[in-house]
Trainee: 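Sharing a structure with you now.
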Amino acid sequence: MTATSETPTNATAATALHTPVIAWFDANARDLPWRRPEAGAWGVMVSEFMLQQTPVSRVLPVYEQWMRRWPRPVDLAADAPGEAVRAWGRLGYPRRALRLHGAAVAMTDRHGGGVPSDHAQLLALPGVGEYTAAAVASFAYGQRHPVLDTNVRRVFARTVTGVQYPPNATTAAERRIARALLPDEEARAARWAAASMELGALVCTAKSPDCGACPVSGQCAWRLAGKPAHDGPPRRGQTYAGTDRQVRGKLLAVLREADEPVPQAALDAVWHEPVQRARALDGLVADGLVEPLEDGRYRLPAA
DNA sequence: CATACGTGGCT
DNA sequence: TAGCCAAGTAT
């Protein structure tokens, strides 16, 4: 090794990672509907919205129904946003449904009804952040972008940095690693993005990684260090029981099931504490997830 | 940068 | 059982 190639992310080390991971992916990739050619860029985008913080198993049935009902962005854009919220079902974080509808409207207005391939244009769509823009550009259009999701961040934390878990929020250091490890060739970069993500999802999992099945266990910094346990502050803290989120969920569930606008009393029945209940309902209205009518009833947004 | 934002399965 | 965790985004 010369003095110019001593960083852990030089071209040689990167290639040593890419080749086995991509080969592993070739043999082990799941046959997911949004990976099939017929999914198209819209299918990729729909799946990315649904998969934000949500497991694949729960997304699958909703994705299939969604694509059958709204096969193109213009189809969704022509329907009421409340229908998107209803079809979202119990996936959670229903604002994603509203944003996906908003993205469909924006694509209809600004992009001729198609999913843009330009990263900046993707990023400008509602609900599309750093990760989703890169994912759609990479998976749907084969472009070269660092795709840093929770799976990839964990793979890098272990193989490159040598720690059990990545930081709570994505750091500049992680982006540097992702950028440095990105293959030069476009198609290979896109393959690498999908492969490294899949490795994190299936093998290098958060709780009990299957190092015996890992194609790069021999060069994994964390494993070579003896798998030291995570040190530092607790990783998360997603409270739920008794929170406004739980109340919002109950209120929205009533509205999703209803064919007609719902009277106040039906919403009051879902939670005993009136102050929190009112705050939750106000929040849903403010978020555009619920529409108050002049007669005092409520419904999912019609427009 | 911390926090709000759903839901359900698994250990 | 009480957390922990799941392809994040917006503020």
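Source: prediction; values computed, not measured. What you see below is based on every heavy atom in this structure, not just the backbone, and it leaves out hydrogens, waters and symmetry mates. The sequence lines fix the lettering, A, B, ..., with proteins before strands; numbering per chain opens at 1.
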Trainee: Considering only atom P, compute the distance from dG8(B) to dT9(C) and round it to an integer number of Å.
Mentor: 23 Å
Trainee: Assign Thr132(A) to base, sugar-phosphate, or nothing according to its heavy-atom contacts below 4.0 angstrom with the strands shown.
Mentor: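 Sugar-phosphate contact only.
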Trainee: In a check of side chain to side chain contact (heavy atoms under 4.5 Å, CB included) between Leu267(A) and each of Leu281(A), Leu252(A), Leu284(A), which one passes?
Mentor: Leu281(A)
Trainee: Out of dA7(C), dG8(C), dT7(B), which has the shortest distance to the side chain of Arg35(A)?
Mentor: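 Given the options dA7(C), dG8(C), dT7(B), the side chain of Arg35(A) is closest to dA7(C).
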Trainee: Of all the choices, dT9(C), dA7(C), dC5(B), which nucleotide is nearest to the side chain of Arg95(A) once you look at every atom?
Mentor: dC5(B)
Trainee: Check each of His111(A), His145(A), Met45(A), Met107(A) against Leu122(A) using the side chain to side chain contact (heavy atoms under 4.5 Å, CB included) test, and report the only one that passes.
Mentor: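 Checked His111(A), His145(A), Met45(A), Met107(A) against Leu122(A); only one passes side chain to side chain contact (heavy atoms under 4.5 Å, CB included): Met45(A).
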Trainee: Using atom P in both nucleotides, what's the gap between dA7(C) and dC10(B) to the nearest angstrom?
Mentor: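 One P to the other, the span is 15 Å.
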Trainee: Arg99(A) side chain: which of dC5(B), dA10(C), dG8(C) is closest?
Mentor: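 Selected nucleotide (nearest to the side chain): dA10(C).
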Trainee: Would you classify Trp88(A) as touching base, sugar-phosphate or nothing, given that sugar-phosphate means primed atoms plus P, OP1 and OP2, and contacts are heavy atoms under 4.0 Å?
Mentor: nothing
Trainee: Between Ala133(A) and Lys207(A), which has a closest nucleotide on DNA chain C that is more 5'?
Mentor: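 Whichever sits nearer the 5' end wins; that is Lys207(A).
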Trainee: Any base atoms under 4.0 Å from Gly92(A), or only sugar-phosphate, or nothing? Heavy atoms, all strands.
Mentor: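 Gly92(A): base contact, heavy atoms under 4.0 Å.
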Trainee: How long is the straight-line distance from CD of Glu48(A) back to CG of Asp149(A), given to the nearest 0.5 Å?
Mentor: 8.5 Å
Trainee: Could you work out which one of dA10(C), dG6(B), dA7(C) sits closest to the side chain of Arg96(A)?
Mentor: dG6(B)
Trainee: Among residues two or more places apart or on two chains, list those pairs meeting side chain to side chain donor-acceptor pair (under 3.5 Å) that have a residue in residues 55-68 of chain A.
Mentor: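 Every candidate side chain to side chain donor-acceptor pair (under 3.5 Å) pair involving residues 55-68 of chain A fails, so no pair, neighbours aside, qualifies.
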Trainee: Over all strands shown, is Arg248(A) touching base, sugar-phosphate only, or nothing at heavy-atom distances under 4.0 angstrom?
Mentor: sugar-phosphate
Trainee: Ignoring the backbone of Thr150(A), work out which of dA6(C), dC5(B), dT7(B) is nearest its side chain.
Mentor: dA6(C)
Trainee: Respond yes when some side-chain nitrogen or oxygen of Tyr93(A) is under 4.0 Å from OP1 or OP2 of dA6(C), and no when none is.
Mentor: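 Answer no for this pair, as no side-chain N or O of Tyr93(A) is under 4.0 Å from OP1 or OP2.
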Trainee: For Val128(A), report the nucleic acid contact type (base, sugar-phosphate, nothing); a contact means any heavy atom under 4.0 Å.
Mentor: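 Sugar-phosphate contact only.
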Trainee: Counting the atoms with a prime plus P, OP1 and OP2 as sugar-phosphate, which does Leu252(A) contact under 4.0 Å by heavy atoms, base, sugar-phosphate, or nothing?
Mentor: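 The answer is nothing, as Leu252(A) stays clear of every strand by at least 4.0 Å.
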Trainee: Base, sugar-phosphate, or nothing: which does Leu32(A) touch, judged by heavy atoms less than 4.0 Å apart?
Mentor: base
Trainee: From the options Gln53(A), Gln52(A), Arg245(A), select the one residue that forms a side chain to side chain donor-acceptor pair (under 3.5 Å) with Tyr93(A).
Mentor: Arg245(A)
Trainee: Between Arg30(A) and Leu125(A), which has a closest nucleotide on DNA chain C that is more 5'?
Mentor: Arg30(A)
